[in-house]
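Taking it in order: structure first as C-alpha cells, then the write-up.
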Amino acid sequence: MSEVRKLDRRGFLARGLAAASTALLGGCEELSDQSWVKRILDSGETLTYAAQRALITPQALAREYGEADLSSDFKANGSTNPDDPAYVTHAENVFADWKLVVGGLVESPLELSLAELRAMPSRTQITRHDCVEGWSCIGKWKGARLSAVLERARLKQDARYIVFYCADMLGDTGTEADRYYESIGLEDAFHEQTILAYDMNDRALPIAHGAPLRLRVERQLGYKMAKYVMRIEAVESIGGIRGGRGGFWEDLGYEWYAGI
Ligand SMILES: Nc1nc2c(c(=O)[nH]1)N[C@H]1C(S)=C(S)[C@@H](COP(=O)(O)O)O[C@H]1N2
Ligand SMILES: [Mo]
C-alpha cells in the first residue's frame with residue numbers, strides 16, 4: 001500500500017467512524033465482522049475488474065430487494081449540500097432550468113432537461129448500497145437508463161469510458177481538484193441496472209442524495225455512484241483527466257473498479 005493510499009484511507013475511515021458513532025445508522029446496517037462484504041472492504045481491496053469478469057457474467061444483475069427491505073433512513077454521505085453558486089441557483093429554482101450536458105466522443109451532443117430525462121426509457125430497482133466505510137442501506141431508485149441516453153447521443157467508435165462531472169467540491173484545497181468526478185467502462189454503462197436516477201423511494205431525489213441526478217451502478221461500491229451529475233462525457237482514455245485514475249477517490253488511491 002502506498003503512503004498516499006494509507007493516509008487517504010485513514011482519513012476516509014476516520015470520517016466514517018465518526019459518523020457511525022453518532023448514530024446507529026437509522027434503518028441502515030453496520031456490516032458485522034463476519035460479513036464477507038466487510039472482509040473485502042477491510043482488506044482495502046475490492047474485486048479487480050478481471051476477478052469480477054471471472055466470477056460473474058458481464059450482464060449479471062446485482063441483487064434486488066422488496067419494498068419491505070427498504071432502510072427507513074438511508075444515510076447520506078460525502079457531500080450533502082453543494083455550495084457551488086450555479087448549483088445553488090438551480091436548487092433554488094427546483095432544477096427547472098437545469099440540463100444534463102452529454103458530450104465528448106458522441107455524434108449528437110445533448111442537453112437534457114429533467115422532463116426529457118423522465119420521458120426516456122427508465123428502470124426502477126431496490127438495491128443495497130455498500131459504502132467502503134463499512135455500512136450499507138437499501139433504497140429504491142428510478143431513473144433514465146444510461147444506455148438510452150448514450151444511444152441517443154450515439155457513441156463514436158473510439159469511446160471507451162463514460163465520465164461523470166459533479167457539482168460539488170469535497171476536498172479542502174478550494175480548487176477544481178476538489179470537484180467530485182467518476183468514470184465507468186462501457187460494460188457497466190450499458191448494464192441493465194445502470195441508471196441516472198431522478199427519484200429515490202418514490203420521490204424526487206433529495207439534495208442530500210444527489211439531486212437532481214445521480215448515477216446508480218449497482219455492482220460497484222458507493223463511491224462510484226456520482227451524485228449531483230452535471231455533465232457526462234464519453235472518452236477514449238481516463239489517463240488525461242485530472243489525476244488520471246478515473247475518479248475523485250481513485251486519484252487518492254482507491255480502486256477504479258470497485259466491484260462487490
Ligand atoms: N458528487 C458526489 N458523489 C458522491 C459522493 C460525494 O461526496 N459527492 N460520495 C460518494 C460516496 S463515498 C457514497 S457512499 C455515496 C453516498 O450516497 P448517499 O449520500 O446517497 O448515501 O455517494 C457517492 N457519490
Ligand atoms: Mo462511500
Side-chain angles (χ1 to χ4, degrees), residues 8-9 11-20 23 25-31 37-38 40-42 44 46 70-84 86-88 90-91 98 100 125-143 163-172 176-184 194-201 203-232 242 246-256 258-260:
D8 168 64
R9 187 167 166 79
F12 201 173
L13 290 175
R15 291 194 302 121
L17 287 176
L25 300 169
C28 298
E29 186 189 339
E30 226 179 317
L31 302 169
V37 187
K38 184 158 196 306
I40 289 180
L41 299 184
D42 284 352
T46 52
L70 288 173
S71 300
S72 55
D73 186 12
F74 198 111
K75 182 177 157 68
N77 203 38
S79 299
T80 52
N81 197 8
D83 57 9
D84 174 81
Y87 180 86
V88 170
H90 280 306
W98 174 90
L100 173 71
Q125 57 210 26
I126 299 177
T127 53
R128 194 185 67 195
H129 175 108
D130 295 317
C131 174
V132 71
E133 294 168 352
W135 54 269
S136 42
C137 294
I138 293 176
K140 181 176 183 179
W141 309 96
K142 180 181 183 188
V163 188
F164 304 84
Y165 295 97
C166 307
D168 59 310
M169 305 266 218
L170 199 54
D172 50 18
E176 283 303 301
D178 290 341
R179 211 175 285 282
Y180 208 92
Y181 80 106
E182 256 304 338
S183 64
I184 59 175
T194 299
I195 58 175
L196 293 167
Y198 42 69
D199 284 346
M200 175 184 189
N201 296 340
R203 314 179 69 144
L205 187 64
I207 286 182
H209 295 286
L213 200 69
R214 67 110 40 103
L215 176 67
R216 296 299 310 172
V217 47
E218 302 291 355
R219 300 180 305 175
Q220 296 201 51
L221 289 174
Y223 63 86
K224 299 298 291 188
M225 318 241 188
K227 309 197 280 189
Y228 318 110
V229 175
M230 301 292 117
R231 176 165 70 92
I232 70 183
R242 299 266 296 274
F248 176 87
W249 286 112
E250 288 89 328
D251 285 340
L252 294 168
Y254 274 65
E255 297 293 327
W256 174 75
I260 42 175

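Both ligands and their constituent atoms are indexed starting at 1 by order of listing.
- The shortest N or O to N or O distance between Met225 and ligand 1 is below 3.5 Å.
- With a 4.0 Å heavy-atom cut-off, ligand 1 is reached by the backbone of Ala208 but not by any atom from C-beta on.
- At a 4.0 Å cut-off, not a single heavy atom of Tyr165 sits close enough to ligand 1 to count as contact.
- Distances from ligand 1 to the non-hydrogen atoms of Lys224 include no value under 4.0 Å.
- Between Tyr180 and Phe248, the two ring planes are parallel [angle under 30°; tilted spans 30° to 60°].
- In the candidate list Tyr180, Tyr254, Tyr228, Tyr180 is nearest to atom 4 (C) of ligand 1, counting heavy atoms.
- The closest approach between a heavy atom of Gly139 and any atom of ligand 1 is not below 4.0 Å.
- The heavy-atom pair separating Ala177 from Arg242 by the smallest distance is O-NH2, 2.8 Å.
- Between the CD1 atom in Ile126 and the CD atom in Glu218 there is a gap of 11.0 Å [rounded to 0.5 Å].
- Annotation: Trp141 is in aromatic contact with Phe74 [ring centroid separation under 6.0 Å].
- Atoms OG and CD, from Ser136 and Glu29 in turn, are 4.5 Å apart once rounded to the nearest 0.5 Å.
- Screening Leu100, Leu205, Leu213 for a side-chain contact (heavy atoms from CB on, under 4.5 Å) involving Tyr198 leaves a single residue, Leu213.
- At least one heavy atom of Arg214 lies less than 4.0 angstrom from ligand 1.
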What verdict does the salt bridge (charged side-chain N to carboxylate O under 4.0 Å, His left out) test give for Lys224 and Glu250, after you've listed the backbone C-alpha separation in whole Å, the side-chain angles of each residue and the deciding distance to 0.1 Å? CA-CA 10 Å; Lys224 299 298 291 188; Glu250 288 89 328; 2.9 Å; yes

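- Separating the CD atom in Glu30 from the NZ atom in Lys75 is a distance of 9.5 Å, to the nearest 0.5 Å.
- With a 4.0 Å cut-off on non-hydrogen atoms, Ser79 touches ligand 1 through its backbone as well as its side chain.
- Contacts with ligand 1 closer than 4.0 Å are made by heavy atoms of both the backbone and the side chain of Asn77.
- Within the structure, the closest approach of Phe74 to ligand 1 falls below 4.0 Å when heavy atoms are considered.
- Counting atoms of ligand 1 from 1 in the listed order, those under 4.0 Å from a heavy atom of Leu170 are 7 (O).
- Proximity of Trp141 to ligand 1, defined as any heavy-atom pair under 4.0 Å, is not found for any part of the residue.
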